[in-house]
Amino acid sequence: MSTYQLCLLLLLGLGLGAQEALPPPCDSPVYCHGELLHQVQMAKLYPDDKQFVDMPMASHPDQVLQAFRSLASAHNHSVPRPQLQAFVQKHFWPVGLEMQPWVPEDWTDSPRFLEKIADARLRSWAGQLHQLWKKLGKKMKIDVLREPERFSLIYQRRPFMVPGGRFREFYYWDSYWVLEGLLVSEMAGTAKGMLQNFLDLVWTYGHVPNGPRVYYLQRSQPPLLALMMARYVAHTNDTAFLRDNIRALAMELDFWAEKRNVSVSVGGRSYVLNRYHVPYGGPRPESYSKDAELAAAVPEGAREALWAELKAGAESGWDFSSRWLVGGPDPSSLSSIRTSKLVPVDLNAFLCQAEGLMSSFYALLGNEPEATRYRNLQARRLAAIQAVLWDEEKGAWFDYDLEHEKKNHEFYPTNLTPLWAGCFSDPALADRALKYLEDSEILTYQHGIPTSLRKTGQQWDFPNAWAPLQDLVIRGLARSPSPKTQEVAFQLAQNWIQTNFHVYSQKSAMFEKYDISSGAQPGGGGEYEVQEGFGWTNGLALMLLDRYGDQLRSAAPPAPLQPRCLAAALVLSLLLR
Ligand SMILES: *[C@@H]1O[C@H](CO)[C@@H](O)[C@H](O)[C@H]1NC(C)=O
Ligand SMILES: *[C@@H]1O[C@H](CO)[C@@H](O)[C@H](O)[C@H]1NC(C)=O
Ligand SMILES: *[C@@H]1O[C@H](CO)[C@@H](O)[C@H](O)[C@H]1NC(C)=O
């Protein structure tokens, strides 16, 4: 290091002493940070900031940046909107040109699950959902491999399913439900390709990014890769693929253990659990103007921390929700976000499940020492979940607030994730969970389980309902040995299928989320318009149609009963069975 560099570092250190300096969200001076990004995004050339950062460059970034420097200095670093627009049109391609449609080779006309569906209208609809794989299939153009510097997209060898709409690339946690749907559709080859892409990303980056874009690299999403592998292997017996990639699965769990760990003291004992945490500054490139405007309302010294918490919120998959605002100075404003100060139930249940799966994978591959190591990790986590997140009085698990040293007792479907993940020791807990749902009056909602009971305008709050959260509760309850609890699981599946089916009948589309407050509607709120497609919604619908196809009905309940009356009727019908 030269004296000059040393001096520069020293000065930087002094200048930034007041505020914790965080690195930018990623490296690209076009897609991640810098003047070009700032001016284009703040001019709001497009209704959705994601559009600009998805546009490929027409030439090498050096050329684009040089052209922009001339333009910026010609306008004293404040380029008027029409000139910005012309610049982007000249130097960038429209979105989507880096990908091409792909019809999966393993798609067939009539997968067997269709025959099991008793209701003719549901059977025909299931056939249409199965057709949608041909619309959601994409592959990346070879240009992305040849000239990666021109794209925010990160090249992937295998074709994949996208969620749909603005989500032009694949997403980490979405893909678990997509993969389940593909297996129902007998498309294990496509499922394997998607797994291969995720494993490639782990081999390269040491973790699974939120999606294959440079601006998603520093954050992950709820960790479901080991589960995807387990489902694929259970379906195919492809243990060779497991053997080839077991190290990548282990690397991914090491990432969570080393970069997302937090220690919690409860009752005089210390436990290690995990949290969502993304210590990178700057606005999210794909929501740049919103993040910049939000930060303008907080003191300058607090902005980097706010941006990091927003990214952690995105990493949680719940972007955004009152769940991450509780305990903040103004829980109605997104600027109160404090994702990393909470120990989430779902994250720790997912990791607990992954540790259990790793133990069985290693046992299957004949590696007993590693199988034992993961079994011990899981046992340690189970004890921590029991001590820190379980609430004996309320009969459910709750996020733990690290700063206020207490649980957050609000309702979220994720409060039951340990059931879904099989991370609990006492089978009676599934019936306690049913009581918890009854106490929280959740079973009174006829069209789906709400995301929370707070109406905030955020998309991960009331009145939106999301497919993955329905699954957490439905398959959580279905694990119970009690017929009554299993019947409630079925009834919730029935409600959700009717919501999906009803909206599909009216709009000819599947949606990323649903509004369950006044009949079933496409959802709303949050940072962008509701999207059609839609990967995980289709995946869960196919799973439920596969599992309960002989009992599900397309018709809505006969009369609009009062919610309480409906709950009473439900209980009565269970008693009379
Ligand atoms: C350029 O912008 C700066 C800061 O916005 C301003 O102080 C300066 O007067 C401007 N120069 C010209 C030539 O307009
Ligand atoms: C996988 O192997 C098990 C046990 O060897 C067998 O019972 C099962 O039928 C196989 N499944 C497939 C899809 O080949
Ligand atoms: C998290 O893991 C890292 C790496 O193993 C370790 O250095 C650190 O002390 C851990 N932090 C906590 C709070 O356990």
Side-chain angles (χ1 to χ4, degrees), residues 20 22-23 34-44 68-84 87 202 205-208 218-223 225-226 247-280 289 292-293 296 300 305 308-309 311-312 315-316 338-352 354-355 358-359 369-370 372-389 399-407 423:
E20 197 191 348
L22 295 175
E35 191 182 359
L36 169 56
L37 181 72
H38 183 79
Q39 292 219 14
V40 169
Q41 297 292 47
M42 295 315 284
K44 303 190 185 178
F68 185 75
R69 272 191 296 271
S70 319
L71 181 70
S73 56
H75 293 277
N76 194 17
H77 298 277
S78 170
V79 184
R81 201 164 187 278
Q83 278 81 351
L84 275 175
F87 179 86
V202 177
Y205 300 104
H207 68 278
V208 182
Q218 310 297 6
R219 61 193 203 228
S220 189
Q221 256 192 335
L225 184 59
R247 271 299 307 149
L249 297 178
M251 273 165 73
E252 203 228 352
L253 291 192
D254 290 348
F255 163 82
W256 288 92
E258 287 163 15
K259 301 273 170 61
R260 301 292 186 261
N261 54 342
V262 67
S263 95
V264 193
S265 294
V266 170
R269 280 200 53 188
S270 178
Y271 301 90
V272 176
L273 284 164
N274 292 75
R275 60 173 172 164
Y276 295 109
H277 179 51
V278 184
Y280 287 84
S289 61
E293 283 161 11
E300 206 170 330
E309 292 295 355
K311 292 187 192 82
E315 180 169 85
S316 78
R338 48 197 288 280
T339 321
S340 73
K341 306 297 189 294
L342 292 148
V343 179
V345 174
D346 42 356
L347 172 60
N348 286 287
F350 292 148
L351 290 170
C352 171
E355 285 154 354
M358 288 301 282
S359 176
E370 282 300 299
T372 306
R373 191 170 73 85
Y374 277 102
R375 202 157 37 245
N376 292 339
L377 284 174
Q378 189 192 35
R380 197 173 339 157
R381 187 181 301 273
L382 269 167
I385 288 176
Q386 177 71 22
V388 179
L389 306 177
D399 297 345
Y400 184 80
D401 185 332
L402 293 162
E403 284 179 331
H404 300 103
E405 300 186 338
K406 61 174 191 191
K407 297 185 188 92
C423 276

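Note that these values count all heavy atoms, side chains included, but never hydrogens, waters or copies made by symmetry. Counting starts at 1 for both ligands and their atoms, following the listed order.
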>> Give the atom numbers and elements of ligand 3 that come within less than 4.0 Å of a heavy atom of Ser263.
In response: 13 (C)
>> Taking 4.0 angstrom as the limit and counting only heavy atoms of Ala257, give me the atoms of ligand 3 inside it, by number and element.
In response: 1 (C), 2 (O)
>> Please list the nearest protein heavy atom to atom 5 (O) of ligand 3 with its residue and the distance rounded to 0.1 Å.
In response: Glu258 CG, 3.8 Å
> What's the shortest distance from atom 4 (C) of ligand 1 to any protein heavy atom, and which residue and atom give it?
Replying inline: Asn76 ND2, 4.8 Å
> Who are the side chain to side chain donor-acceptor pair (under 3.5 Å) partners of Gln39, not counting sequence neighbours?
Replying inline: Glu35
> If only atom types and distance count, is the side chain of Lys311 paired as donor or acceptor with the main-chain N or O of Tyr280 below 3.5 Å?
Replying inline: yes
> With Glu355, which of Arg380, Arg373, Arg381, Arg375 fulfils side chain to side chain donor-acceptor pair (under 3.5 Å)?
Replying inline: Arg381
> Would you say atom 9 (O) of ligand 1 has a protein heavy atom nearer than 4.0 Å?
Replying inline: no
>> Under 4.0 Å from atom 14 (O) of ligand 1, can you find at least one protein heavy atom?
In response: yes
> Side chains of Phe350 and Leu225: does their closest heavy-atom pair fall under 4.5 Å?
Replying inline: no
> Do His77 and Ser73 touch side chain to side chain, with heavy atoms closer than 4.5 Å?
Replying inline: yes
> Is there a nitrogen or oxygen of Asn261 sitting under 3.5 Å from a nitrogen or oxygen of ligand 3?
Replying inline: yes
>> Once you measure the plane-to-plane angle for His207 and Phe255, does it fall in the parallel (<30°), tilted (30-60°) or perpendicular (>60°) bin?
In response: parallel
